[in-house]
Amino acid sequence: MFSIEHEFDATIVTLVDEGGPALAEDVTINLFEDCVTVEQYDPRSDSVQKISLSINQVRELAAALDLPEGVYKLQQDDNGA
């Protein structure tokens, strides 16, 4: 299950693990204009772990989901995207 919320400066997607007996903590993805952050509570450290991705890294991640093993470099269009 997931939810989508639109805030003033970000879109927030929350992923809720509903499968299996060993459930993982919710994952929150914050989509900003210039970056994307992924957060998840870690009960072992009792803190929220957070990573930040540039928009280019998100594009590469999306492309990587559909590619076989290997090393790739995406071509940029005329707009730098």
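In F2, the CZ atom is not crowded: 12 or fewer heavy atoms of neighbouring residues, nucleotides or ligands sit closer than 6.0 Å.
When atom types are taken as modelled, the side chain of E18 and the backbone of M1 share a donor-acceptor pair closer than 3.5 angstrom.
Between the CD atom in Q40 and the CD1 atom in I29 there is a gap of 10.5 Å [rounded to 0.5 Å]. With rounding to the nearest 0.5 angstrom, the NZ atom of K50 is 7.0 Å from the CG atom of N30. Distance CG/L61 to OG/S54: 11.0 Å, rounded to 0.5 Å. The distance from atom OG1 of T14 to atom CD of E5, rounded to the nearest 0.5 Å, is 6.0 Å. To the nearest 0.5 Å, the span separating SG on C35 from CD1 on I55 amounts to 6.5 Å. To the nearest 0.5 angstrom, I4 atom CD1 is 8.5 Å from T11 atom OG1.
When hydrophobic clusters are built by joining Ile, Leu, Val, Met, Phe, Trp and Tyr residues whose side-chain heavy atoms come closer than 4.5 Å, directly or via intermediates, L53 is not grouped with I12. Grouping the Ile, Leu, Val, Met, Phe, Trp and Tyr side chains by contacts below 4.5 angstrom, directly or via other members, places I51 with V27.
Contact record, D26 with D17: OD1-N, 4.4 Å, taken as the closest heavy-atom pair. Counting all heavy atoms, side chain and backbone alike, T37 lies closest to S52 at CG2-OG, 3.5 Å.
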